[in-house]
Amino acid sequence: MSAFLEIDTLSAVLHGSSQRLLRSVRLTVDRGEVRGLVGESGAGKSMIGKAVLGILPAAVRIVEGIIRLDGHDILAMPASERRRVIGATAALIPQDPLTALNPSRRIGPQITNRLVDILGWSKAAAKTRALELLDEVHIDAPERVMASYPHELSGGMRQRVLIASAFAANPKLVIADEPTTALDVTVQKQILKLIREMQARHDTAMLFVTHDLGVVSKVCQKLTVLYAGKVVEDTAVAAFFEAPQHPYSKALLAATPKYTDPFASLLPVHESVIASANAEITAADQEWRHGR
Amino acid sequence: MILLRALLTRLATTVVTLFGAAVIVFFVIRVVPGNPIAMMLPPGATDEDIARLSAHYGLDRSIPEQFAIWFAGVLHGDFGASISLRQPVMPLVLGRLPATLELAIFALVLAVMIGGAAALTGTRLRNTRTEAAIDIANGVGLSVPDFLWALVLILLFGILVPVFHISGRISPSADLPFVTQFYVFESILRLRFDLWWDLLQHMFMPALALAIPLAAIIGQLLKQSLKETMHLDYVVLARTKGYAENKVIVSEALPNAVLPTLTLIGVQFTFLIGGTVIIERLFSYEGLGNMAIDAVINRDLPLIQGIVLVFALLFTVVNLVVDMTYALLNPRLRHA
């Protein structure tokens, strides 16, 4: 057993349809490794994160595959046990810090509740831990922030709180679901730096979901490119930026705007690339149906 | 400080509201047909008798003049005397108010319990047949008014299967040790649980009739808000922390989803108090509403005025309490 998170041939369909949303996805995240998960909107990148955390919408059904989290085959577990394993080993840094905190509750309990209710810590120990974490995410007055309500904090502050909350229970896997998309550009950079810093300090495995290849180059060591719910490339980040293998990956990389040449017009992914990628998907689907 | 100022503002508007209510009811009941004097004298009374009695009650003066006299009395705490009962109005009204308050509050508690249970169950079992059944029950509860529910309950549980009391406030044979009119409250203080139980049994049917439509509204609105809240990011985040579904619904979603329902309960509770008038009549429950109907039948002008003022005061107090609770539950409002 090497990888901390192993996803193997994971397929999911929309309830009442045979159309696959995830197409035999295979990916691993090792301890201490950050894996980027990129793709266009609707490619299923967030869905993979949700599947791992057990929060898929009711309309999405997993039809095959294995998700192994710290050696536990979580899909084979009874729901209550799965919840406990996920709560104890994994954590989410959500996309929108404005909606991810409970508006009617103070920040303190929102950080400590998992420690106290799920992991059985004492309240005092959980509070000490929360203060420690708020300090780690560079919040100046942790006591005051703990006593605040979410609406009293800025977006950047809230994302710091959520990052602290995610790392509070010493998770072995953190899933960051586009954690900077909802933030101001000036704040994005700081938060990105903070996430990398926290990941390195806690030596956590991390699945970093994003559509931004620039972010991937700064944060990740490994990269999975997703197209229509299918993995089209799985490689090291350095290798990817040097020479992407799949035509879709190549086109995606070429379409990324470059700060070095601000006047260059944006390149769309060429139609022929889309067509060939779609043909590949159709072929894979046919083979899959045949195999069942 | 801010809270104090808000409170004072509310107090001022309450005074204006009560004055408006007093003016309107005073004039309206004098303009509509019907004459208290005619109700008091035997048939064949002479015009002279009528004139003398009218003068005795001051009804021979112009309406604005009557209002000035009455209002001057109110400012001194004198609400006049009931024409039909020949007693001062305020002691009469305050003597009946507790019975109505206890009935209304019991009905509210029932409505919140039934509606809340329906909403929580419907959310837990969303998109199942149970939820559909709850929706249908809510629809039926909503579309039948409280006085029809009262008749249904009387027929079902008072006559067909006589398991509940359908008349009065307490068994007539009961020996009452009470010094206040808050019987339910006082029976608990005196540890007379036998009387307490007897009171609740008498209140159950009228309270349920009042509660069913409100329970249906609460059930429907709260379930709707809960289901919307269940998709919000912070609720989903709580799930990833390892919380079970029930816990997620009750401690994450409910405190936020309950706010619109709370406002609605405030508005609907005043309707419920209004509903006690007819319900008390149907169940011969000796409360303010039952007295109000007698007062109207007898054209007892001072008593009607007194009752309406007390009802108006009750409504404004209820609204004030709701706003306070709202501010307490929603931290975003506390600083506003």
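Just so we're on the same page: letters track the sequence lines, and every chain starts at 1.
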What heavy-atom pair brings Arg83(A) and Tyr243(B) nearest, and what distance separates the two atoms?
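For Arg83(A) versus Tyr243(B), the nearest heavy atoms are CD-O, 3.0 Å.
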Under 4.5 Å between any side-chain heavy atoms of [X] and [Y], yes or no?
X: Asn113(A); Y: Glu252(B); result: yes
X: Pro94(A); Y: Asp233(B); result: no
X: Tyr234(B); Y: Pro103(A); result: yes

Side chain, backbone, both or neither: which part of Ile118(A) has a heavy atom under 4.5 Å from chain B?
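Side chain only.
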Quick check on Ala100(A) against chain B: is it the side chain, the backbone, both or neither that has a heavy atom closer than 4.5 Å?
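For Ala100(A), heavy atoms of backbone and side chain both lie under 4.5 Å from chain B.
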[X] atom [atom1], neighbour heavy-atom count above 12 within 6.0 Å:
X: Glu132(A); atom1: CD; result: yes
X: Phe193(B); atom1: CZ; result: yes
X: Arg84(A); atom1: CZ; result: no
X: Arg129(B); atom1: CZ; result: no
X: Asp203(A); atom1: CG; result: yes

In Å and rounded to the nearest 0.5 Å, what is the [atom1] to [atom2] distance from [X] to [Y]?
X: Asn102(A); Y: Ser251(B); atom1: CG; atom2: OG; answer: 8.5 Å
X: Gln110(A); Y: Lys241(B); atom1: CD; atom2: NZ; answer: 6.5 Å
X: Thr240(B); Y: Ile86(A); atom1: OG1; atom2: CD1; answer: 8.5 Å

Let's go through Leu162(A) and Leu237(B) carefully: what are the C-alpha distance in whole Å and the side-chain angles of both, what is the deciding distance for side chain to side chain contact (heavy atoms under 4.5 Å, CB included) to 0.1 Å, and is it a yes or a no?
CA-CA 10 Å; Leu162(A) 286 161; Leu237(B) 189 63; 3.7 Å; yes
Passing option when Val236(B) is tested against Thr99(A), Leu53(A), Ile55(A) for side chain to side chain contact (heavy atoms under 4.5 Å, CB included)
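That would be Ile55(A); it is the only one of Thr99(A), Leu53(A), Ile55(A) passing the side chain to side chain contact (heavy atoms under 4.5 Å, CB included) with Val236(B).
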